[in-house]
Amino acid sequence: MNKFKLYTGALMLAMFAGAVQPVCAQNNKKKAKTTKTAMILNYKAVVVDEGNNPIVGAEILTHEGAVSAFTNNKGIANVQSKANGVVLVEAMGYEDVVINLASQSFPKVIKMKKIQLLSSGKYTHERLDGGTTGLVELVGAVSSITGEELASYPDFSLSNALQGRLAGLVATPTVNGLGNNSSSLYIRGLHGKDGNNPITIIDGLERNLNDVTAEEIEKIEIMKDATAKILFGPRAANGVIVVTTRRGEANKRVIQASAEMGVMMGTRRPNYLNSYDYARLYNEARNNDGYPDFYSQADLEGYKNSAGINDWRFPNVDFHDYFLQNHSMYRKAVFDMNGGSDKVRYSMIVNYLGGNGFEKVGERPDLNRLNARGNLDVKVTDYLSIIADGSVRMEMRDWSGLDGSSVYSALSTTRPNEYPLTLSPEILGLQPSEDGVPYFGSSLLVPNNLYAQMEYGGFTSERYVVSQTNIGLDFTLDRFVKGLSASAFITFENYNYIKHGQNNTYPTYALRGIVDGKPSFLQMKKESLQANQSKDADETRRTLGWRANVGYQRSFGLHDVDAMLAHNYYEKEVKGNAQDVKNSNTSLRLNYVYNKRYSIEGDLALMGSNKFYSDNKYFLAGAAGAGWIISNEDFMSDIKWINFLKLKGSYGILGYDGGTSFLTYSTAWQKGSNVTFGEQNKTASFTTDFVRLANKDLRWEKSTEWNIGLEAMFLRNRLKAEVNYFNEYRDDIIGSNSSQYFSILGPFTSVYNMGAVSNQGIDVELSWNDRIGDFSYQVGANMIWSKNKLEKWNEVNYPDEDIKAVGKPTDAIFGYEALGLFGKNVALDGPVQMIGDYQEGDIAYADINGDNIIDDRDKKMIGNSYPRFSGGIDVNLNYKGWGLYMLGTTELGVNTMKSNSYYWVKGNDKYSEVVLDRYHPVNNPEGTYPRLTTTEGNNNFVNSTFWLENSNFFRLKNVELSYTFNTKRGNALKKVKLFGRATNLFVLSSEKNLDPEALNAGVTNYPVYRTITGGVTLTF
């Protein structure tokens, strides 16, 4: 709480300083009226459209946005401006009008042009070579979303907000601790054998997407086809996520302050049996294995009447209930300043984000994160502009002696009767401890005590700082050659991380028996208290990128020409790594458009990487594409309901080094383990271990891709659609050729270009928007269907086709086909199962190859782990000041194996509620779960259709309800927005116990949580 107050106070101080400074500066300017340039003049503005119709509600801004006025129903407004000032006129649906009074007089009538669809900045895409691509010349596949649209999703990781938002992008949640449960992202499916994630480029450099917040972002784009990806270098073949941060807008000044707070609640929590039910069913498991009861009837009665968590003889601990609470806190504050003049533009954003964990014993996990970013654009002369950006992210995390993974794993594996949390001194025959720390229970199997570790086991703290700096020069060289430009850009990133803490261990005592009616305890842990803190881990990274480019863009009548030659360099250094990441990309892009109807593009890129040897360090990639804007043809002029129609296609061959390890061209050995020789083994020496066998002929992985797409807008641009079909063949995939040699050879094999994967699919984006009086609405949907196939790989050529990976998807799940349970619906006299011992109540499997033996050769593809279909649908409703936004996401055609400790219960494991449905010929003859066993259950707990879960789902992902009201015109406070937001409200799926997207959530780490927040945004 103290940290929260500190950050909140600092943020409020920064907000106050930022808000007051421009006002003071403005007041100073008003006092100085001694010269003509400082004179304040009054003007009458009349704003009309091209048909001379008055435009109502047009905003006229002066004094760099500090003063504004709005036109009335006659299109008239009275404004004040300095005699040499700049006036900006804005109206929705019209191009901005800028009036520079230093070089022109104030017009009697201000005419505004409607925004031309094809020239709108909304359809302009950023390129790594320093250029931009508009809708007319675009021949590739690109999807985009603004940062403002993502801001409605309250979460610690930006990647989680992208699920269901962009056609072609799949976001799969991961299971991790507080603030670390970011999504794994995929663009257009699975491209290779593994390592299918895209790269993220933030302001020209490959960076971590989750290091930025939605408020810092202008837009996010995903590059999907060869012509879009080729300019992004050797690691771009899996797709590129391009993030452009916000920059200042000329002749405006916008100040925003926002505060948001709420709660996070776990959604689906695993349920486990109490001590009595566990002991009762554990006896049944022993009986199934041919053993007598472990717990006597008196023991069962003792557990049924247990005194609870500290009952030394019959403990009954609901670990999840005792150690976890149902909710935690979420808090956020944002301050934003944006504006500038024609000469200088600025954007400054400060963002605080904080939250707590679900643990309620010991030091509660606490996260505090501060992001600050400043982007500056300076027009030095008519031919030279400078950009200077700086950003920093500082984060502090604190928790008890155990992190989230250790806590949740212990909760899910420690049996309810394992040990009492504390023991009285009397029962141990000891004196009370002098420091007041209680004595802790344990068991002969589990020497640690979770309560002792969380409450008294010490603490852990993480600190890390990420800083970024961008410097760029843009040259307009029209004075030499019209249309010629050049730019240079350099960017740095530094990452520093340290983890430190204090680890204390207190004695634990396990009950080992009752002797003469008295308990006998064995000390399992000895006291070990750390006097000082210690450093547990640290990491330092430095990243450098730079770009130099020269471009030519010119229109000659009906001909538009665009050419760009660029060189990009990237270097990443990690302290302690044997080799730095170094790559480069020298690219040439040529684009030609005729009469705004036909566009062609050609791209070449010489990619370089230090992962290959000698002549193989470089790869020449190429791509080409063409587009036809059919709607601009004369024969389409009478079809009024089609506003825009474009057919496009592209083809390219890209190189990829992202899946290649370092130094594969060099045979390597390393210092191994310690061995001793000589008399009494007193002479020590070390082994020399083999690391890898060199292959100097290793080549780049190669991706051959083509894309066919259709873009369209109908019915006065209310209906928008884009459909793309893509096809990719990834060849020369690098892998080990171990299957070609006998296993006696050991690790003495090399890596080769030996694999190939084909991938194809379709992505679709649809939206409809309209306005009826004061009511406006928008409905959108996006989807992707994809499927790949392993064409070549390293595997033994078995005669059994079912067990071969080649010819099947790379996400194939292999396992046995379950027929049912022996004794219930399958007779025991079938084929012999060689998987493990089996009896009545165990799983029976199909003899796929018909040899009357069930073994590894009877496995087959039983499912797939990556969704065939993924999509999202969103609705945005607005009525007067009210707004309602809803987002639903879905995945179809995907499976998961229920193989975690919640479902696979065996041996001395903790019993979850699923075992209540176990099969037993007497106690539960209709049960569907395999018989309970105290062994490892090798026959049952293997991949099979018995454990295969259809994990299709639909989730209400995000909801925002808001009300925005404008204050009286002329006030410093222009707008107030009140909002409530929610995430993960519900999910529909055949999986009812755990989350279908993340089956381990709540079992091995934090659960999928539902966040509900409320807040306010003030605009000045």
Side-chain angles (χ1 to χ4, degrees), residues 117-118 120 122-125 135 138-146 148-150 152-153 161-171 186-189 219-225 228 239 627-631 636 639-649 707-726 760-772 775-786 867-878 883-893 952-960:
L117 173 67
L118 303 184
S120 171
K122 180 180 179 181
Y123 302 103
T124 300
H125 305 291
L135 184 62
L138 180 68
V139 298
V142 179
S143 296
S144 65
I145 190 171
T146 66
E148 184 179 4
E149 293 175 272
L150 298 174
S152 66
Y153 192 87
L162 291 176
Q163 187 180 40
R165 304 305 300 267
L166 291 165
L169 180 69
V170 175
Y186 304 88
I187 294 177
R188 287 190 163 180
K219 62 181 175 180
I220 294 179
E221 302 166 290
I222 58 170
M223 306 295 164
K224 299 185 285 188
D225 82 312
W628 176 26
I629 303 179
I630 305 171
S631 54
M636 296 289 291
I639 306 177
K640 303 300 182 182
W641 58 275
I642 299 180
N643 307 112
F644 180 75
L645 184 63
K646 178 181 180 180
L647 179 66
K648 60 185 179 181
N707 182 90
I708 297 177
L710 186 69
E711 300 176 53
M713 299 185 188
F714 307 101
L715 304 173
R716 301 197 306 274
N717 301 324
R718 291 179 295 175
L719 176 62
K720 301 176 184 178
E722 180 173 355
V723 181
N724 287 281
Y725 169 77
F726 58 90
Q760 63 175 330
I762 183 172
D763 58 56
V764 179
E765 190 170 2
L766 300 168
S767 69
W768 171 272
N769 66 88
D770 200 4
R771 174 180 289 274
I772 304 173
F775 176 68
S776 64
Y777 66 96
Q778 179 269 330
V779 179
N782 67 83
M783 58 81 70
I784 177 174
W785 176 89
S786 67
R868 295 291 172 260
F869 176 96
S870 180
I873 180 169
D874 62 339
V875 178
N876 198 348
L877 310 176
N878 292 278
L884 175 64
Y885 174 78
M886 294 181 290
L887 170 68
T889 60
T890 184
E891 288 183 359
L892 304 173
N952 297 346
F953 72 88
F954 173 82
R955 187 188 299 275
L956 184 56
K957 183 76 172 178
N958 187 203
V959 173
E960 180 188 78

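Side chains are part of it too, since the values below use all heavy atoms of this structure and drop only hydrogens, waters and symmetry mates. Since the structure is predicted, the reported quantities are computational estimates derived from the model, not experimental observations.
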Checklist line | is_close_aromatic(Phe714, Trp641), centroid dist under 6.0 Å | finding: yes
Next item on the list: For Lys648, enumerate each residue passing the salt bridge (Lys or Arg N to Asp or Glu O under 4.0 Å) test, keeping only those at least two apart in sequence or located in another chain.
Entry: Glu711, Glu722
Checklist line | Listed partners of Arg771 passing salt bridge (Lys or Arg N to Asp or Glu O under 4.0 Å), at least two apart | finding: none
Next item on the list: Identify the two heavy atoms, one from Asn717 and one from Asn769, that lie closest to each other, and give their separation to 0.1 Å.
Entry: O-ND2, 3.8 Å
Next item on the list: Any chance you could lay out the side chain to side chain donor-acceptor pair (under 3.5 Å) test for Arg188 and Asn707, step after step, and finish with the verdict?
Entry: CA-CA 12 Å; Arg188 287 190 163 180; Asn707 182 90; 2.9 Å; yes
Margin query: Under the rule for salt bridge (Lys or Arg N to Asp or Glu O under 4.0 Å), what residues qualify as partners of Arg955, not counting sequence neighbours?
Written below: Asp995, Glu997
Notebook entry, point to check: Are Phe869 and Thr890 close enough that some pair of their side-chain heavy atoms sits under 4.5 Å apart?
Noted result: yes
Checklist line | Least distance between heavy atoms, Glu891 atom then Ala171 atom | finding: OE2-O, 4.1 Å
Next item on the list: Specify the closest pair of heavy atoms between Ile187 and Met223, including all atoms of both residues, with the distance to one decimal.
Entry: CG2-O, 4.3 Å
Next item on the list: Check Ala228 against Val142 and note the closest heavy-atom contact, atom names and distance.
Entry: CB-CG2, 4.1 Å
Notebook entry, point to check: Can you find a pair of side-chain heavy atoms, one from Tyr777 and one from Val875, that are under 4.5 Å apart?
Noted result: no
Margin query: For a quick test of reading the model, state the closest non-hydrogen atom pair linking Phe644 to Ser631 and the distance between them.
Written below: CA-OG, 3.3 Å
Note to self: Could you report the tightest heavy-atom contact between Gln163 and Phe953, atom names first, then the distance?
What the structure shows: NE2-CZ, 4.0 Å
Margin query: Taking the side chain as everything from C-beta on, heavy atoms only, tell me whether Lys957 gets closer than 4.5 Å to Asp874.
Written below: no
